[in-house]
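What you see is a predicted model, and the numbers here were worked out from it, not measured in a lab. The chain is numbered in sequence order, starting from 1. Both ligands and their constituent atoms are indexed starting at 1 by order of listing.
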Amino acid sequence: MRLILLAAPGAGKGTQAEMLSEHYNIPSISTGAILRKNIKEGTELGKIAAEYINEGRLIPDELMLKVMDERFKQDDCKNGFILDGFPRTIAQAEALSASPIEIDKVLSLEVDDETIIERLGGRLECKSCGSTYHTEHKPPKTPGICDKCGGELGTRADDKPETVRERLHTYHTQTEPLIEYYKNKGLLRVAKGQSEIDATSRVVLEALEA
Ligand code: ADP
Ligand code: ZN
């Protein structure tokens, strides 16, 4: 199973990617997590990525394609994967489609902008392992502490209101056209985001397995 998840920032894409990764026993590849790890480690890629991410813009296609090329070569990709955050532009989708990788399904998780702005407001991220939480919708067992690794939780730099607006704009102009692109290829499945995580997971699985 090689799956692409499409959704606006804050729609719950990462949470559903984690659920699907367990369900199908294949890795979830989060481009945002890869980039943030590079920023934290101060790599060359991280230095460039930080400038774009902090402004709510996408990092250049060429650079992103190089990152993914490397990632697809790793062993754990052999039996399939879930792509959380790639492709994000038509140019990235065309490069993927020109590669030997065959995508089976593309799931679009639909959530309206108001819900997104509300959700990103309460989002928390583990500074050590990158797991995400939400003060209301997905609270950690102990406030401020990651359930998975005990790391400290904090707010992502790009979750501040000005950047959130810019990220939504970027999504609508650059990523949303992919919905039509994959619809035309006959790969698109659509799921409506629900207010509860479990309900969303059910809708997502139904859409994929129908
Ligand atoms: P979200 O989906 O909540 O915006 P992500 O963690 O998926 O967050 O991505 C964070 C940021 O990383 C994006 O706003 C963008 O700047 C950068 N990024 C992630 N994936 C890509 C990609 N495929 N192409 C270009 N930039 C990307
Ligand atoms: Zn953690």
Side-chain angles (χ1 to χ4, degrees), residues 4-18 28-40 45-72 81-96 106-111 113 115-134 138 140-178 193:
I4 293 171
L5 283 188
L6 290 178
K13 184 162 48 75
T15 301
Q16 294 306 319
E18 282 174 30
S28 150
I29 301 175
S30 158
T31 50
I34 294 174
L35 297 172
R36 282 188 293 277
K37 182 163 181 277
N38 276 274
I39 293 173
K40 202 170 126 192
L45 165 65
K47 281 178 202 151
I48 302 170
E51 291 178 31
Y52 291 93
I53 291 181
N54 294 337
E55 288 178 3
R57 295 162 61 202
L58 297 180
I59 72 162
D61 288 328
E62 238 173 281
L63 188 56
M64 202 62 225
L65 290 170
K66 254 172 51 192
V67 172
M68 292 311 288
D69 229 34
E70 284 305 307
R71 186 63 187 87
F72 286 135
F81 44 72
I82 293 144
L83 296 180
D84 166 8
F86 181 87
R88 227 162 162 126
T89 63
I90 291 286
Q92 291 176 15
E94 281 175 344
L96 181 63
V106 177
L107 183 91
S108 166
L109 181 61
E110 295 183 339
V111 174
D113 283 8
T115 309
I116 284 176
I117 291 168
E118 187 262 323
R119 281 199 201 155
L120 287 174
R123 185 152 85 167
L124 297 167
E125 188 187 50
C126 173
K127 291 180 182 171
S128 305
C129 77
S131 295
T132 55
Y133 298 87
H134 191 281
K138 192 185 175 186
K141 291 196 183 87
T142 311
I145 306 289
C146 177
D147 293 354
K148 288 189 189 148
C149 79
E152 187 194 340
L153 302 183
T155 305
R156 252 170 63 175
D158 58 349
D159 278 350
K160 56 177 189 290
E162 316 86 85
T163 316
V164 165
R165 274 194 298 277
E166 193 54 39
R167 281 161 63 205
L168 273 173
H169 177 74
T170 301
Y171 176 75
H172 290 307
T173 53
Q174 305 205 60
T175 307
E176 219 162 45
L178 294 180

**Q** Which protein heavy atom lies closest to atom 20 (N) of ligand 1, and at what distance to 0.1 Å?
**A** T31 OG1, 2.7 Å
**Q** For atom 26 (N) of ligand 1, find the nearest protein heavy atom and state the residue, atom name and distance (0.1 Å precision).
**A** I59 N, 3.1 Å
**Q** For ligand 1, which atoms, with element, lie under 4.0 Å from some heavy atom of G10?
**A** 3 (O)
**Q** Under a 4.0 angstrom heavy-atom cut-off, which atoms of ligand 1 come close to G32?
**A** 5 (P), 6 (O), 9 (O)
**Q** Can you name the atoms of ligand 1, numbered from 1 with element, that are less than 4.0 Å from a heavy atom of R57?
**A** 15 (C), 16 (O)
**Q** For G85, take its heavy atoms, then give the atoms of ligand 1 lying under 4.0 Å from any of them.
**A** 20 (N), 21 (C), 22 (C), 23 (N)
**Q** Under 4.0 Å from any heavy atom of L35, which atoms of ligand 1 are there?
**A** 12 (O), 17 (C), 18 (N), 19 (C)
**Q** How far apart are the C-alpha atoms of L45 and K66, what are their side-chain angles, what is the distance that settles it, and do they pass the side chain to side chain contact (heavy atoms under 4.5 Å, CB included) test?
**A** CA-CA 10 Å; L45 165 65; K66 254 172 51 192; over 6 Å; no
**Q** Check if R156 has a non-hydrogen atom at a distance under 4.0 Å from any atom of ligand 1.
**A** yes
**Q** Within less than 4.0 angstrom of ligand 1, does E125 place any heavy atom?
**A** no
**Q** Just need the protein heavy atom nearest to atom 24 (N) of ligand 1, so name the residue and atom and give the distance.
**A** Q92 NE2, 2.9 Å
**Q** What is the nearest protein non-hydrogen atom to atom 3 (O) of ligand 1, stated with its residue, atom name and distance?
**A** R167 NH2, 2.8 Å
**Q** In terms of atom number and element, which parts of ligand 1 are under 4.0 angstrom from non-hydrogen atoms of K13?
**A** 2 (O), 7 (O)
